[in-house]
Amino acid sequence: MFKIMMIFCRYVKGYIMVQFTSDKIERLFNMFSNLNIELWDITEKDESIYTAKILVKDFKKNIRLFKKANVSVKIITRYGLPFLLFRNRHKKTLAAGMILSLITIMHLSEYIWTINVSGNYTYTESEIINVLEEIDVKSGNKKKNIDGEYIEKYLRNKYFDVKWVSAHIDGTVLNIKIKENFDRFIDNEYSSPCNIVATRDGIVESIVTRSGIAKVKAGDTVKAGDVLISGVVEVHDDFGEIINTKYLAADGDIYINTVYEYSDVIDSEYEKKIYTSEEKKQLFIGIFDKMYCIKAGKIKYEKYDIVTEGNNLTIGTNMELPFGVYVRSIKEYKTEKMIYGEKELIDIKNQNIDEFIKKISVRGIKEINADVESVFVNGKYITKGIVKAVENAVRYEIINIQ
C-alpha cells in the first residue's frame with residue numbers, strides 16, 4: 001500500500017527523467033543524499049552518463065548543485081499530473097474530469113472492496129465471508145474500521161479446528177489466511193475450558209487423554225454430540241461428596257471408526273456438446289455488486305453456454321476498485337446422444353469414489369477404505385455401499401460456566 005501511495009504522490013507532484021553527464025557523478029549523488037533529495041530508477045548509460053528520476057520541485061530547487069558538481073544536465077522526459085494539465089490547459093472539462101477522477105480514486109482507496117480467503121479446506125470461502133458479516137466485516141467497509149486482531153480472534157473462536165488466522169489489508173483487499181488443524185489433538189492451543197465431543201456416530205478405535213476426564217473407552221459406541229473427554233473435573237472427599245469442581249481445556253487423541261453411506265448413479269446415455277462457430281458477445285460494466293449491460297441483443301440460440309471474463313479495475317497489484325468491465329461470451333452448441341462403454345463407466349465410477357474419499361479425507365482421517373458394489377439396471381450404472389474410516393471425528397465445545 002505504501003508503494004502505491006508513493007507512486008501516486010510522485011504522479012500528483014510531477015517528476016522528470018534527467019540525464020547527468022560528468023566524470024565525477026558520485027559527488028552529485030553524495031550531495032543529494034546529504035540533503036535527503038530522492039533519486040530513483042538510476043541507470044548507468046555509459047561510464048560518465050547516468051539517467052535518474054527526480055521530483056520537479058527538487059530539481060528546480062537544486063539547480064545550483066549541478067554547477068557546483070560540474071555536471072551537465074539534460075531533461076529527457078516529463079511525467080505526472082502538472083505536465084498533463086499543462087498540455088491540456090485549454091481543455092477545462094477534461095482537466096476537471098481528471099481531477100475529479102483522482103479525488104474519487106483517493107476516496108475509494110480508503111475502503112475494502114475485496115475479501116480473499118486462503119488456506120481453507122473444510123470451510124468454503126463463501127461460508128467464511130458470511131461469518132465475517134456477523135461482525136459487520138464486508139466489502140465496502142472503511143479500512144480504518146477493520147480490526148485485524150478482532151477478526152483473527154473471532155474466527156479462531158468460531159472454528160475450533162482452525163488453529164491459526166491472519167487478517168491483513170493490502171491496498172483495498174482484505175486477506176484472510178487460515179490454517180486448519182487436521183491432526184487436532186497433537187497440539188491443543190485452546191486455553192478456555194472445553195469438552196471434546198464426537199461429530200459422528202461410530203465406535204471408539206483409541207483414546208489417549210492428556211487433560212480432563214475420559215468418558216469413553218476403546219470399543220464404546222458413541223453418537224454425534226456425545227462428550228468423549230470432559231473438561232469438568234469433580235474433586236471428591238473421602239465420603240464421595242463433591243467438594244470442588246475444576247474446569248479445564250480437555251485435550252487428547254481420539255480416533256473413531258465411522259461409516260459413510262455411498263450411493264452413485266451414472267446414466268450410460270449422455271449428450272455430448274458439439275460447439276458451432278456461432279458466438280455472441282455482450283459487454284457489461286460491473287459497479288459494486290451490480291452488472292449493467294452496455295451492448296446486448298437477443299440470443300437466438302436454442303442451446304448455449306455462457307462464459308464471463310473480466311475483473312474489477314486495479315491500480316498496481318493490490319488496489320482493487322469496486323467497478324470493472326466484463327465480456328460475456330454466448331457460445332452455441334448442438335448435442336449428440338452418446339453411450340458410455342463399460343470401461344468408461346468403470347473409470348467414472350472410480351473417479352466419483354475417489355472424489356468422495358478426497359472430500360472427507362480433509363477431516364483428519366487415519367485409515368479409509370470403500371466397500372461398494374455396482375450393477376447395471378435399465379441403462380444406469382448403480383453403485384452402492386459404504387466407506388469405512390478411522391478418523392478423529394471430534395470437535396471442541398466450550399463449557400458455559402454458570
Side-chain angles (χ1 to χ4, degrees), residues 1-6 8 104-197 199 211-212 225 231-232 247-251 287-289 311-312 314-323 362-364 392 394-402:
M1 182 61 188
F2 173 76
K3 187 176 180 181
I4 293 171
M5 291 306 297
M6 181 176 65
F8 179 76
T104 302
I105 290 172
M106 290 180 67
H107 177 67
L108 292 174
S109 68
E110 297 177 0
Y111 293 81
I112 292 295
W113 298 115
T114 304
I115 299 176
N116 286 335
V117 180
S118 61
N120 52 308
Y121 293 95
T122 306
Y123 307 103
T124 65
E125 182 174 358
S126 59
E127 182 181 354
I128 293 171
I129 289 175
N130 288 337
V131 167
L132 290 175
E133 288 183 359
E134 295 175 5
I135 54 173
D136 201 32
V137 174
K138 54 191 174 182
S139 175
N141 281 13
K142 274 199 168 185
K143 290 192 289 188
K144 69 178 183 179
N145 296 332
I146 300 295
D147 187 340
E149 289 186 9
Y150 181 71
I151 292 171
E152 293 167 5
K153 184 178 179 181
Y154 186 81
L155 289 177
R156 283 198 304 268
N157 290 336
K158 186 76 175 181
Y159 302 113
F160 294 111
D161 49 358
V162 170
K163 65 178 182 180
W164 178 82
V165 181
S166 168
H168 70 278
I169 296 171
D170 243 343
T172 58
V173 180
L174 174 61
N175 290 303
I176 305 292
K177 296 180 181 179
I178 70 173
K179 187 173 182 181
E180 297 180 29
N181 191 2
F182 298 133
D183 203 1
R184 298 163 204 172
F185 300 103
I186 290 177
D187 182 16
N188 183 3
E189 299 180 356
Y190 304 103
S191 57
S192 300
C194 60
N195 299 321
I196 297 174
V197 301
T199 58
S211 175
V232 180
Y247 298 94
L248 310 172
D251 185 24
I287 302 176
F288 297 99
D289 295 328
N311 289 293
N312 282 357
T314 58
I315 298 175
T317 56
N318 298 313
M319 187 173 171
E320 186 168 319
L321 302 176
F323 47 82
V362 299
R363 300 174 185 171
N392 56 344
V394 295
R395 63 179 174 84
Y396 292 107
E397 184 177 74
I398 292 293
I399 299 171
N400 293 318
I401 303 172
Q402 300 298 328

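Everything quoted here is computed from the prediction, not taken from an experiment.
The environment of CD in Glu134 is crowded: more than 12 heavy-atom neighbours from other residues, nucleotides or ligands sit within 6.0 Å.
Annotation for Ser118 and Lys177: closest pair OG-CG, 3.3 Å, computed over non-hydrogen atoms. Closest of all the heavy-atom pairs between Ser211 and Ala249 is OG-O, 3.1 Å. Taking each heavy atom of Ala250 and Gly231 in turn, the nearest pair found is CB-N, 4.1 Å.
For the pair Leu174/Ile151, a side-chain contact is recorded, criterion being any heavy-atom separation below 4.5 Å from C-beta on. Here the side chains of Val173 and Trp113 are not in contact, with every heavy-atom distance at 4.5 Å or above. Between Asn116 and Asp170 the shortest side-chain heavy-atom distance does not fall below 4.5 Å. Residues Leu132 and Leu155 have side chains in contact (heavy-atom distance under 4.5 Å, counting atoms from C-beta outward). At least one side-chain heavy atom of Ile196 sits less than 4.5 Å from a side-chain heavy atom of Tyr396.
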Please assess Tyr154 against Val165 for the test side chain to side chain contact (heavy atoms under 4.5 Å, CB included), listing each intermediate value before the final yes or no.
-> CA-CA 10 Å; Tyr154 186 81; Val165 181; over 6 Å; no
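Once rounded to the nearest 0.5 Å, the distance linking CD1 of Ile115 with OG1 of Thr172 reads 11.5 Å. Considering CD1 of Ile146 and OH of Tyr111, their distance stands at 12.0 Å, rounded to 0.5 Å. Note that CZ of Arg156 is 12.0 Å distant from CD1 of Ile178, once rounded to the nearest 0.5 Å. To the nearest 0.5 Å, atom CD1 of residue Ile169 and atom NZ of residue Lys144 are 12.5 Å apart.
Not one N or O on the side chain of Glu397 forms a donor-acceptor pair closer than 3.5 Å with the backbone of Asn195.
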